[in-house]
**Q** 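Here it is, the structure, as structure tokens.
Here the structure is a predicted model, which means the values were calculated and not measured. By convention here, the first residue in the shown sequence is residue 1.
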Amino acid sequence: MKVLLITMSWPEKADYNLYTDLMQEFVEHGHQVTVLTANEWVNKQKTHLSYENKIQVLRVRTGNIQKTNKYCKVIFSFLANPQIIYAVHKYLENQTFHLILFTTPPITLSPSVVLLKRMYKTKLYLLLKDIWPQDTVDLGAMRKGGIVWLVFRYLEKFTYKSSDYIGCMSKANVEYVKKNNEYLNNKIIEECPNSQKIRDSIMIDREFIREKYNLPKDKTILVYGGNLGKSQGIGFLVDIINSYKDDSDYFFLITGSGTEYDFLYKSINSMPAQNAKILPWIQKKEFIQLIQACDIGLILLDKKNTVPNFPSRMLTYLNAKIPIIAAVDKATDIGDIIESAGCGVKTCHGDIDGFRKAAEKMNQSEETRKLMGEKGHQLLLDNYSSDESYKIIMEHFQEEEQIEKEIEKEIEEQVEKQNKVMNGHNRFNNYVPEGRVSSINKIKSFILSSIFKLINFICYGDLPTTYYLKKGMKIGRNFHRQTATKFDPAHCYLIEIGDNVTVANNVQILAHDQSARVHLGYGKVGRVVIGNKVFIGAKTLILPGVIIGNNVIIGAGSVVTKSIPDNSVVVGVPARIIGSTSDYLIKYKKELLTKPKFNKSYSNSRKLSKRQKAKIIKTCKEGYAYIELGKVIEYGRRKQTLHDK
């Protein structure tokens, strides 16, 4: 299945988050994944398509949507809609998708997402990570009933109605969406929580990490990591730190970014007690090591919130095996979840006494914290692994996959039956008594093949494969080539061909370019690498510097100027992707079940009888038919040992 993820939270190649983990699950289960994400002005990069960890990533140049003020965020996220549509038209026009995953925020991208859904005629699964505009109303940044609120509320309803499935972060989220959107009675709204790939914890030296960040080695460290915004109620965190100014057993560490970072930085540095430290946002791997060196993780949600938020930072604490104190609002169920799992304590946001009691409970002994941490890690394994999220999403598409598997199974059974019949026929016709191997037939075969090669060389300049092998060209097993194929005799040592490759008539592969020779006196050379299971159609031209992936089909008459990713069907001048090999083969297999078929005896045109020809002609008047192919002439067969050596 081909999946398109649309999100603004896709990190660079070296980093990962909950979305990269989820998409890797799709890749590991054999699906093709394309990600559409923002490439903000601050990055100083143009729109470009690349491949990152077997995932096709289209980074669309937009304004600064994430790291900017709220006005620019809204304006540029609206303007991103036409930029997304243009980029998709340019880079993904000829591709198809069976499922679109869309993550919110921002909900302002909904128009382009719904347009893509209609354009590709596919299903849309909404991963609801933020409920707008009510979140903003709770914080006093937007007036309910105003013009701005009406615009965002309309976008919210439009998104919900256009989605085939809505995945919420928790049961409280599901109930909230259903209660406040009664028009969605028939819509599938389910729990599809934040999740991550389960990774083995890296063994760290706690004392070394604490020394590295200048943290006390003999105190219980309470850490808050993540977004520092208004919805977290950061003012309460300042009050908590102040309440511990005379307590030498505890130390507070804050790391992250957000609108409240400057306020928190000034507040902490102006405190005389110096029982807290704030760090700017750090890299993921360093952040995880830092969390492991701490003792208690903190989750904060402002008591003003009426929307049940569910911070993803909880997953980091669970994976690090440290207990959690959740000082949260009444709407969310995150505190109830960690308490019922025995891995944390829930307290009300704003209740300092309740917070101190929770901290004292966890600080009774190191064994208590260790036991709660183990229970938290089990909660992560049971409910918040990316594999579980994958299963929740794919449960809606199991029926379609089952149909495809049944088609493939039926085709395999038919092919197996035909092979049995043909093998029996061949054994009967080709039976030679033991000890009577005809030397005359060997001589005939040698003479005819030599004459055939000589004619090809005279007529087409077609050099034998052995020539290319001796000159340094690398050829894999089961390599087939037809007449008039040329592999750049002077630079064939730069050409590498994988296993199970078929090259049709009049194909040329060049490893050099002398277009500037007259003007500059220089020419270019470049490698050409062809992967496994590749078919190259007749009269195709492949230019230097091209890398062709595995499972690729190149249509006849194509000019390949750029590299081709795995599992692609390309055609044209210059060649461009028109679909995937898997989709092409599924279509081919479905037609095999309904279209007329002829066995191998019809594949040799020189031995066809008039009756057989008439039968094919009659059949093709009503459309095309399928012929079971015999073996293609294998030029490199005799000298395969050369390549092996």
**Q** Angle class for the F26/Y390 ring planes (parallel below 30°, perpendicular above 60°, tilted otherwise)?
**A** perpendicular
**Q** Check for a donor-acceptor pair, side chain of N181 on one end and backbone N or O of V177 on the other, with a separation under 3.5 Å.
**A** yes
**Q** Taking only residues at least two apart or on different chains, which pairs with a member in residues 216-244 satisfy salt bridge (Lys or Arg N to Asp or Glu O under 4.0 Å)?
**A** E211-K217, K230-E260
**Q** Sort and list the pairs that fulfil ring-ring contact (aromatic ring centres under 6.0 Å, His included) and have at least one residue in residues 340-360, not counting sequence neighbours.
**A** F236-H349
**Q** Hey, what do you get for CD (Q32) to CG (D566), rounding to the nearest 0.5 Å?
**A** 9.0 Å
**Q** Could you list the residues that satisfy salt bridge (charged side-chain N to carboxylate O under 4.0 Å, His left out) with E52, not counting sequence neighbours?
**A** R59
**Q** Any ring-ring contact (aromatic ring centres under 6.0 Å, His included) pairs touching residues 299-341, not counting sequence neighbours?
**A** none
**Q** Is it the case that over 12 heavy atoms from other parts of the model lie below 6.0 angstrom from the OH atom of Y154?
**A** no
**Q** List for me each residue that meets side-chain hydrogen bond (donor to acceptor under 3.5 Å, both in side chains) alongside R369, sequence neighbours excluded, and say none if there are none.
**A** N363
**Q** Please, which pairs that meet salt bridge (Lys or Arg N to Asp or Glu O under 4.0 Å) have at least one residue in residues 357-368, sequence neighbours excluded?
**A** none
**Q** Please list, chain by chain and in numerical order, all residues satisfying side-chain hydrogen bond (donor to acceptor under 3.5 Å, both in side chains) with E28, sequence neighbours excluded.
**A** K197
**Q** Are the side chain of N185 and the backbone of E182 linked by a donor-acceptor contact shorter than 3.5 Å?
**A** yes
**Q** What's the spacing between K321 NZ and I291 CD1 if we round to 0.5 Å?
**A** 16.0 Å
**Q** Filter on side chain to side chain donor-acceptor pair (under 3.5 Å), then keep only pairs touching residues 272-283, sequence neighbours left out; what's left?
**A** none
**Q** Please collect all ring-ring contact (aromatic ring centres under 6.0 Å, His included) contacts where either partner lies in residues 252-275, sequence neighbours excluded, each pair once.
**A** Y244-F252
**Q** For F158, is the CZ atom crowded, meaning more than 12 foreign heavy atoms sit under 6.0 Å from it?
**A** yes
**Q** Can you list the residues that meet the side-chain hydrogen bond (donor to acceptor under 3.5 Å, both in side chains) rule with K2, with sequence neighbours excluded?
**A** none
**Q** Taking only Lys NZ, Arg NE, NH1 and NH2, and the carboxylate oxygens of Asp or Glu, determine whether K346 and D336 approach each other closer than 4.0 Å.
**A** yes
**Q** Please set out all donor-acceptor pairs under 3.5 angstrom arising from side-chain atoms of residues 106-118, sequence neighbours excluded.
**A**
{"residue": "T108", "atom": "OG1", "partner": "S77", "partner atom": "OG", "Å": "2.9"}
{"residue": "S110", "atom": "OG", "partner": "I107", "partner atom": "O", "Å": "2.6"}
{"residue": "S110", "atom": "OG", "partner": "T159", "partner atom": "OG1", "Å": "2.5"}
{"residue": "S112", "atom": "OG", "partner": "N81", "partner atom": "OD1", "Å": "2.9"}
{"residue": "S112", "atom": "OG", "partner": "L109", "partner atom": "O", "Å": "2.9"}
{"residue": "K117", "atom": "NZ", "partner": "S162", "partner atom": "O", "Å": "2.8"}
{"residue": "K117", "atom": "NZ", "partner": "D164", "partner atom": "OD2", "Å": "3.3"}

**Q** Verify, without hydrogens or angle tests, whether R210 (side chain) and L215 (backbone) share a donor-acceptor contact under 3.5 angstrom.
**A** no
**Q** Checking N39 now: which residues fulfil side-chain hydrogen bond (donor to acceptor under 3.5 Å, both in side chains) with it, not counting sequence neighbours?
**A** N43
**Q** Do the charged groups of K391 and D387 touch, with an N to O distance under 4.0 Å?
**A** yes
**Q** State whether Y183 and K161 meet the cation-pi test: NZ (Lys) or CZ (Arg) under 6.0 Å from the six-membered ring centroid, and within 45° of the perpendicular axis.
**A** yes
**Q** Has Q45 got more than 12 heavy atoms of other residues, nucleotides or ligands less than 6.0 Å from its CD?
**A** yes
**Q** Mind checking whether F152 and F78 have parallel, tilted or perpendicular rings, split at 30° and 60°?
**A** tilted
